[in-house]
Amino acid sequence: MTTPSSATKQRQITLVGPQNAGKTTLFNSLTGSSYKTVNYPGSTVSYSVGQVQKKYDVVASVKDTPGIPNLTASSADHEVTLKELFSTDSQNDLILANVDATQLSRHLYVIDQLKECGFPVLVCVTMGDLLKQRGKEIDLKLLSEELGLPVTLVDPRCPLSVGQLTQKIQTFDVEKSSKVQRLFESSQDKDAIQSRFKKVEAIEAKVIKAIPGKEKEPFNWDRLFLHNIFGGLIFATIMVGIFSSIFWLAGWPMDWIDAGTSWLMDVARNSLPESWLTDMVVDGVIAGIGSVVIFLPQIIILFIAMGILEDSGYLARGATIIDKPLTKMGLNGKSFLPLLSGFACAIPAMMAARTIESRKERLITIFIVPLMSCSARLPVYVLLLAFLIPEDKPWIGGLAMTALYVGGIVVGAVVATIISRLPSFRHRGKSPLMLELPAFRKPILKVVGVSTYHRSMHYLKKAGPTIIVISLGLWLLTHLPVVPSDSSEGGSEYATVSQSYAAKLGKVIEPVVEPMGLDWRGGVAMTMGFAAREVFVASMALMYRIEEEDEDELQNRLLASMRTATFDGTDKRIFTTSSAIGLLFFFMVALQCFPTTVTAKAELGGWKIPLIQLVVYTGSAWLGAVTIVQTLRAMGFS
Amino acid sequence: MNLATLKPGTSAVISEIAGGDELSSRLEEIGFNPGCEVSVVSRTPFRGPVAVAIRGTTIALRENEASRIKL
């Protein structure tokens with residue numbers, strides 16, 4: 001990308017500043033939606049890099065760094081920003097430093113330090129509108145004089161305002177000789193902290209002026225949202241609202257996707273010549289893709305809800321409200337976002353736990369994240385509940401679904417409580433909570449849309465290829481070796497499966513799944529689920545070969561074949577009330593997802609905890625399922 | 001008197017940050033300095049964190065942290 005000629009050489013803009021000063025919003029506006037998130041080498045902290053959008057006429061790449069309150073801060077996130085600033089091979093042609101106009105004295109602290117180090121800084125003052133609402137205004141010219149740095153007012157959410165900023169960037173001339181020196185101010189030096197605060201306080205007092213006649217204190221919504229009683233009620237309402245919309249709103253698009261997949265399968269089957277290749281494309285590829293896309297609506301709804309909570313500023317309030325109950329379980333208010341993300345997918349959820357400073361709290365959060373029922377479990381729940389519950393009583397299904405979600409949360413709470421009381425953990429102190437609550441804002445559709453898009457794509461890219469490869473591999477496993485059609489049993493679908501490699505694998509697994517009330521075919525489907533849980537449904541469809549073609553939906557066909565499936569050589573039904581309930585419990589608790597285990601290893605820096613997690617969850621899921629099946633059978637249920 | 005005992009809706013001036021350890025310097029770093037005006041916005045249920053207004057922003061602190069801030 002970069003050429004040796006200095007005229008076209010791309011400039012490197014680095015965004016630095018305190019948290020909640022609009023840094024990431026500015027980054028998103030500058031780069032549009034075409035940025036990527038990368039990990040810092042050797043650390044789990046990620047940052048985003050992108051190019052300034054073409055429409056702004058500035059050739060530069062932009063880097064977003066983790067928010068930092070000062071240049072002496074010491075958490076893992078902060079260390080990354082410091083490295084970025086001071087490492088000899090990092091190129092920072094221009095530092096864009098955001099400050100929030102409503103809390104100038106806090107935010108100017110780091111600006112003053114940046115100036116002292118000699119960085120080429122352009123100060124971007126944000127939240128000017130919020131300041132005006134509070135009946136105050138800022139004198140930018142005076143601020144620039146006081147700081148000795150160029151200053152500009154920006155609304156990172158407004159394209160016009162960002163455009164004006166880019167014009168300033170274009171004309172900003174970097175002093176070539178600017179030498180950067182690292183500050184060696186101790187974070188323990190209270191006098192140094194105080195004198196710097198005194199200095200920036202004096203600047204704030206000079207540049208912020210009350211607008212005559214407009215001075216009024218607007219209503220502080222935190223008095224309601226964090227209220228002793230109403231705060232909790234609002235929190236509960238929001239959570240119930242999110243989860244009910246995941247179920248009720250997503251129902252329609254999911255039906256369409258299901259119907260669309262079946263239609264596509266029929267079209268492919270009818271238009272392609274009859275051959276094993278056609279079978280593979282239809283049952284392997286198309287069905288595989290369908291099983292990835294089917295739960296996209298639910299994921300998107302959850303991501304939209306999270307985007308709105310984030311952008312409006314409520315997320316930090318939620319974390320504050322839930323902090324007390326979470327500390328009882330050895331967690332932290334900051335565990336709220338990771339746990340909530342866990343309902344979409346455990347992988348981004350574990351990554352979101354990085355903001356938790358205490359290793360103990362972070363570890364426990366990562367440990368229980370997989371117990372939050374992720375979206376991959378939904379298709380399994382939907383299928384098994386459809387099997388269990390009569391069609392004329394859909395409300396029972398809704399209740400049972402809620403019970404499964406609540407069940408996962410309860411198990412998670414129990415596990416967290418136990419871990420936090422283990423001898424090796426008990427004495428470790430809890431980290432303090434100092435959570436800044438950003439001002440409430442009306443969420444902007446585009447901001448929410450872009451973050452939803454990025455999260456959903458990340459999810460699709462992660463889950464998609466695995467699932468398609470697995471369902472293709474499974475198709476081959478169930479079709480090889482080829483059974484000659486003139487042999488005694490040959491020809492029928494069942495014969496092909498029962499003599500395949502999958503059957504050989506299944507027979508090995510059978511003793512393990514048999515106490516759960518399943519046969520080898522269910523065992524194979526469950527094993528395949530370890531690549532990704534949603535594969536289970538596609539595997540079931542392949543293993544219990546669906547022969548009736550008159551039903552128009554995949555799920556109905558699968559249900560019909562589940563109802564008729566029997567153990568080999570007998571007329572004993574495999575899928576009964578007891579075995580379906582046992583399976584539901586298994587899916588609620590088991591850690592059936594290798595990508596999650598790999599992520600946990602990366603986040604925790606070792607295999608020990610992820611392997612304990614895998615063994616404990618899967619083992620107790622199996623034990624629980626067996627207990628449920630055997631107890632129900634002893635009580636006389638089928 | 002400390003910040004943990006201040007009634008919601010009232011404000012006071014910080015006199016010192018007690019402790020002299022890492023926690024107290026972190027409180028100072030994020031802007032809780034002697035001479036600053038603070039007010040309690042709200043208290044969350046079950047004696048959870050306190051929302052404190054300081055230097056134009058709001059910060060949630062647990063009782064333990066808030067009690068370090070003497071008024």
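Because the structure is a prediction, the values reported are computed rather than measured. Proteins get letters first, then strands, A, B, ... in listed order; numbering begins at 1 in each.
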* Structure fact -> In A:L226, A:T320, A:L435, the residue satisfying side-chain contact (heavy atoms from CB on, under 4.5 Å) with B:P49 is A:T320
* Yes or no on salt bridge (charged side-chain N to carboxylate O under 4.0 Å, His left out) for A:E201 and B:R55, after CA distance, side-chain angles and deciding distance? -> CA-CA 9 Å; A:E201 266 168 29; B:R55 294 183 184 271; 2.6 Å; yes
* If you take all heavy atoms of B:P45 and A:G232, which pair is closest and at what distance? -> CG-N, 4.1 Å
* Looking at B:P8, B:A51, B:P34, which has the largest count of heavy-atom pairs under 4.5 Å with chain A? -> B:P34
* Might you work through the side chain to side chain donor-acceptor pair (under 3.5 Å) test for B:T57 and A:E436, ending with a clear yes or no? => CA-CA 8 Å; B:T57 189; A:E436 193 186 339; 3.0 Å; yes
* Asked: Is a side-chain donor or acceptor of B:E65 paired with a backbone partner of A:L433 at a separation under 3.5 angstrom?
  -> yes
* What are the two closest heavy atoms between B:S42 and A:D222, and how far apart are they? -> CB-O, 3.7 Å
* Step by step, would you call B:V52 with A:M434 a side-chain contact (heavy atoms from CB on, under 4.5 Å)? -> CA-CA 10 Å; B:V52 181; A:M434 296 175 201; over 6 Å; no
* To do: To the nearest 0.5 Å, tell me how far A:D323 CG sits from B:L61 CG.
  => 10.5 Å
* Heavy-atom neighbours of A:R441 CZ exceed 12 at 6.0 Å -> yes
* **Heavy-atom pair with the smallest gap, counting every atom of B:R47 and A:K324** => O-NZ, 3.4 Å
* Considering only heavy atoms from C-beta outward, does the side chain of A:I193 approach that of B:N33 to under 4.5 Å? -> yes
* To do: Please examine the side chains of B:V41 and A:H227, heavy atoms only from C-beta on, and report whether any two atoms are closer than 4.5 Å.
  => no
* Identify the heavy atoms of A:P432 and B:L23 that sit nearest to each other, and give their distance. => CB-CD1, 3.7 Å
* Quick check: are there more than 12 heavy atoms from other residues, nucleotides or ligands sitting under 6.0 Å from NZ of A:K206? -> no
* Structure fact -> Heaviest contributor of heavy-atom pairs below 4.5 Å to chain A, chosen from B:A60, B:G48, B:S24, is B:A60
* Any idea which heavy atoms bring A:N228 and B:T44 closest together, and the distance? -> OD1-O, 4.0 Å
* Asked: For the atom pair CZ (A:R223) and OG1 (B:T58), what is the distance rounded to the nearest 0.5 Å?
  -> 12.0 Å
* **Set of ring pair (Phe, Tyr, Trp, His ring centres under 6.0 Å) partners for A:F197, sequence neighbours left out** => A:Y109
